[in-house]
Enquirer: 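Sharing a structure, written as structure tokens. Questions coming.
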Amino acid sequence: MRIATVQSLKVAAKKARSERESIKTEVLVCAGTGCLANGSLAVVESLERSICSRKLTAELKLGLKTTGCHGFCEKGPLVVIQPKGIFYKGVKPKDVKEIIEKTLISGEVIERLLYRDPNTKERIEEYTEIPFYSRQLRIALRNIGKIDPGSIDDYIAVGGYAGLATALTEMTPEEVIDSITKSGLRGRGGGGFPAGRKWKTCRNAPAETRYVLCNADEGDPGAFMDRSICEGDPHAVIEGMVIGAWAVGANSGSIYVREEYPLAVKHLQLAIDQAREKGFLGDDILGSGFSYDVHIARGGGAFVCGESSALMKSVAGEVGEPRAKYIHSVIRGLHDQPTVLNNVETWANVPWIINEGAEKFATLGTGKSTGTKAFSLVGKVKNTGLVEVPMGITLREIIFEIGGGIIGDRPFKAVQTGGPSGGCLPEDKLDLPVDFDTLTEAGSMMGSGGMIVMDDRTCMVDTARYFLEFLVDESCGKCIPCREGVHQLHCILEDICAGEGQPGDIEKIESLSDVIVSASLCALGKSAPNPILSTLRYFRNEYEAHINDGKCAAGVCRNLFSFEISEEACVGCGLCIKACPVDSILGEKKEVHRINGKTCTRCGACRNICAVDAIKVV
Amino acid sequence: MTKTCVDPKKARKILDRYPSGDGTSLIHALQDIQAEFGYVPCEAAELLCEHLSVPISKAFSAATFYKAFSLEPKGDVVIRVCTGTACHIRGAQTLVDELCSILNVAPGKTTKDLKFTLETVNCVGACAMAPVVSLNGEYHGNVQPGTMSKKIRGGK
Amino acid sequence: MEKTLVITPSRCTACKTCELACSFKHVRNGALGLSRIRAFMRGEGKNVILTCFQCDEAACVKVCPVTALTRSESTGAIEVDEGRCIGCGLCSVACPFGHMNHDSAMRIAVKCDLCKGEPACATFCPTRTLEYK
Amino acid sequence: MTNNKTINLEIDGRFFQADEGMTILEVARREGIEIPTLCQHDALEPVGACRLCLVEITHPNWKGWKGLVTSCLYPIEEGLQVTTNNPEIHTARKTLLDLLLARCPEATYIQKCAAEYGITATSFKKREEETTCILCGLCVRVCAAKGCNAIGATGRGITKGIAVPFRQPPPDCIGCASCAHICPTDTIKYTDTEDLRKIWGHKFKMVKCVSCGRPVMPEKQLEFEAAKAGLDAKYLTTCPQCSQDQTLATVQSSFQSKTVPGGSLEVAR
């Protein structure tokens, strides 16, 4: 089973490819976390049963595969039928029979399962033509949705581990580092530090032992790119890590995975076991004499462990408190040895760069931000899901072309990037190119790639309060400015959102934020005031309305508004009456409804369901 | 601290997976203990620390620092409301409030009858289906106020 | 050969100038420090001066958990690193002669350090009971 | 540090030389330059938690970049230029003490420190559960330095605290009370009676002075310390006062005109 040489890898790849080619029609079912939640497993089981019972596998040369996340999570469960690329969304087990009869046997397309463009109302047959996909360029996500993450042969068939073979046999470690440096690859986890420079420093640091680690802790709420890669293409991460280990001279390492991602852990473990069996991990990899092995470290559920020094402490079995990094972890990291830590997406890019060449990668994107970036596009946007685009594309293109615009065509208010350390950008920043430096300049940051779209029903003060609450909960508590300071910022915002804001609160927030930024120990604290500072920068009027007028125009801060049904707009459909969890809406059918303000909890269920936008904030 | 009986055989089985004296395994082993017992019982932690030659104070610090661990037994049904950003702006807080009032517990707590534990989690990575609630690991997407309560009531 | 503090008890009048000199030398925060030397009046020719013997194999050094006690290379005296001392008092118990003192206000151990080579007690001793030579 | 390379640096406009591996704080303290600290102790690993020792650093090669760093942790480097106080640093220290005062309004030590910055009452919201613990972590570190590791931090963020494992009397505690002695705000309490020391929920039986019967230290500590120092426990069972009395008596009985030179007596054992 072991693939001991580059030659035998080539043979194995050829065999795997020909096996794939013998399949005439392939049914790919998404089994990412999103689709699983929508019931994709039942679809797979049903397909399996039907196909096997009818012996279709042999007759039609049919293949059935469960894949990682296709990205278009909201429309799941997703089924793609290759080679035509027919894209079915929202597939239920009861649709399976029809899919087999019509599509697989007769070659017909089932109209009702096709995706319908919300703007043009047209049904689209092939997934490559759906705007959500057609504007994307997938490098880190290149194999996801195309291969079975549980099969190393599938990965080898699409050229997997060829990059590792090239690196080990045709390149010196220095050449690998040069290539990564030339590609301009920067860390995708948030900091955007040039990967080549990091690797070089690590290689040059004198030491007996070096480590190569992967950060799959993805703590930013609203981001799930790394989860999807680990679930959908785990071998790409492992291959990238082995290449990196070869380059820096490391012989062991860990993948630090969030415990909230059980499926990612499962798939990574399976992939590691397979890679070991094939000899891509362990001793004498591909006959090169080089050894590297990796094991999984499950995170304990702490956002701060995304910070490199905290992560390394956690890997070493300790409490994940960051330390001051006056000596960088590339020089003194895990067990005080030189350590390279990159995140999942960064590692997944590495084999592609070796295979396709650094120049090709460097021509993508903008000057200092090369290549592509995966984003999780979520929030109040029509097409939520996972997208990968070349750097330099504008926020407007991502949100309105790929994302299809705002749900219900409501007004756009802001987009939040960079997770809790990032910021909220308003409409007039939508034409900014998305790259590391531009976003930072605008007061936000690239972060790991969460992109949360907000409409006019999102309160920016509440959003800032939300992030601070998150950070109060996630601060390790070691240093005073972060522990006490962020808590105090949160207290002030709680007061403002509760309608107890005082004149002078904004100034107090600003001066305290300054100290937190300059005095905190680690990046978590130093960036903790970002959500508040960026919303103050672009949405100061909302803060002032909360404090001075006692109004929350977005209808979020419950003490600062009430709901009213517009007499002109209400059609008396009764939807809101059904939706109200506290029975506070009264009215007869076809008559104007009324809200009982005394019992209304202002949960907004009525406003969400109203089709004619009759529920107003006053 | 609730006095509980920990089956030492079960604990021993977990310990055997880790080389004795290797303190770096502390968190992994605690995770296994959490998975086995549903919480980290003091007795199991003591056995573990002896096995790994780690002071018990370190195990306690880790068990209280990381969210994955609980020092008290959890309910039969663990309800986790995702409060990630995407879920928040689509109304996760309303769901939390609602569940708190139905179950009469604060987030992070377990009902007296040990049937339900209500937790919030900072993003399960299923943002596209926000707001998300998971019941014993099974995800429910696009949950509207009012619908969750019926599910819980049905189970109660 | 390094100098030592030589005590000739027969000359001692127990005038306690040494204690005073020591306290003045170790003024801290504007207050007189604890004297690290004690003079006991026991009658003519029987007065006793007690201060640290700077033992070769010192128990205080041995028990200190944070190596706050070290021997000075220049004077041979065992000195307290006041920054390092955690005030646990173990050295006081360990000293078989009862020579260690404890500054309870500062929560640190206090002992004779031969004034870094210029012992004030000897300098000010009016009867040459204490000599540094 | 094996190689004692000499580093030249500038602190507040004055030039100094120091060994490589020293921190800014160590050099500043050596030169008598005052930098405030709360969580620092020479005998314990610096952690940089209180942030009071912030100083501004820059370097001729850094193209004008400057920033605040914790002097207790920052290793000196050639050509470094340090400013130990300026308006920004002062504001930061003042705000930090203000924040601490909101956490510990009743801690007299913090009141005193804050008063030095002109703060008599916090400008922030007082904590609901008042405490005097400033979470400097000295107690945990001293316990670790003693080799006991009996206590540790619990929780994280704003609910972080210092606690005994599983809220039970800590099995590794020897009752030495070093944690209490080092605590700058006297948060850790213990009581001694003739027979017992009570600390962290434990009741430790005291060893009594063989001569006068006054309590010397807990039995458990005696056992621990004797083993650690490689001494027979009997050398640690006389109280300091009795040791002195005995020395006095011995000296008195033995001399007529004998001299007792310093550094020449061996400890009898």
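What you see below is based on every heavy atom in this structure, not just the backbone, and it leaves out hydrogens, waters and symmetry mates. Note on naming: letters A, B, ... go to the chains in the order of the sequence lines (proteins, then strands), and numbering restarts at 1 for each one.
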Enquirer: What option among Glu225(D), Met217(D), His41(D), Lys228(D) has the most heavy-atom pairs under 4.5 Å with chain C?
Expert: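 Between Glu225(D), Met217(D), His41(D), Lys228(D), the count favours His41(D).
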Enquirer: Who among Asp81(C), Leu90(C), Val63(C) has the most heavy-atom pairs with chain D under 4.5 Å?
Expert: Leu90(C)
Enquirer: Closer than 4.0 angstrom, basic N to acidic O: yes or no for Arg38(C) and Glu19(C)?
Expert: yes
Enquirer: If you count heavy-atom pairs under 4.5 Å between each of Cys85(C), Ala68(C), Gly76(C) and chain D, which one has the most?
Expert: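 Greatest number of close heavy-atom pairs with chain D: Cys85(C).
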Enquirer: Less than 4.5 Å to any heavy atom of chain D: does that hold for the side chain of Leu50(C), its backbone, both, or neither?
Expert: side chain
Enquirer: Quick one: of Val66(C), Leu114(C), Thr51(C), Ile86(C), who has the most non-hydrogen atom pairs under 4.5 Å with chain D?
Expert: Ile86(C)
Enquirer: Taking Lys198(D) first and then Asp192(D), would you say they form a salt bridge - that is, a charged N and a carboxylate O separated by under 4.0 Å?
Expert: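 No salt bridge links Lys198(D) with Asp192(D).
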Enquirer: Do the charged groups of Glu131(C) and Arg11(C) touch, with an N to O distance under 4.0 Å?
Expert: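 Yes, Glu131(C) and Arg11(C) are salt-bridged.
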Enquirer: Based on non-hydrogen pairs under 4.5 Å, which of Arg42(C), His102(C), Met100(C) is most in contact with chain D?
Expert: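 Among the listed options, the one with the most contacts to chain D is Arg42(C).
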Enquirer: Any Lys/Arg nitrogen of Glu223(D) or Lys220(D) sitting under 4.0 Å from an Asp/Glu carboxylate oxygen of the other?
Expert: no
Enquirer: With only heavy atoms counted, which part of Cys88(C) is less than 4.5 Å from chain D, the side chain, the backbone, both or neither?
Expert: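 Both parts, backbone and side chain.
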Enquirer: Do the charged groups of Arg214(D) and Glu194(D) touch, with an N to O distance under 4.0 Å?
Expert: no
Enquirer: Is the backbone N or O of Gln40(D) less than 3.5 Å from a side-chain atom of Thr37(D), with the two atoms forming a donor-acceptor pair by type?
Expert: no
Enquirer: For the aromatic rings, using the six-membered ring if either is Trp, is the centroid distance between Tyr190(D) and His181(D) under 6.0 Å?
Expert: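 So the answer is yes for these two rings.
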Enquirer: Counting only heavy atoms closer than 4.5 Å, note whether Ala180(D) contacts chain C via side chain, backbone, both or neither.
Expert: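 The backbone, not the side chain.
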Enquirer: Please classify the contact between Gln241(D) and chain C as side chain, backbone, both or neither, with a heavy-atom cut-off of under 4.5 Å.
Expert: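 No part of Gln241(D) comes within 4.5 Å of chain C.
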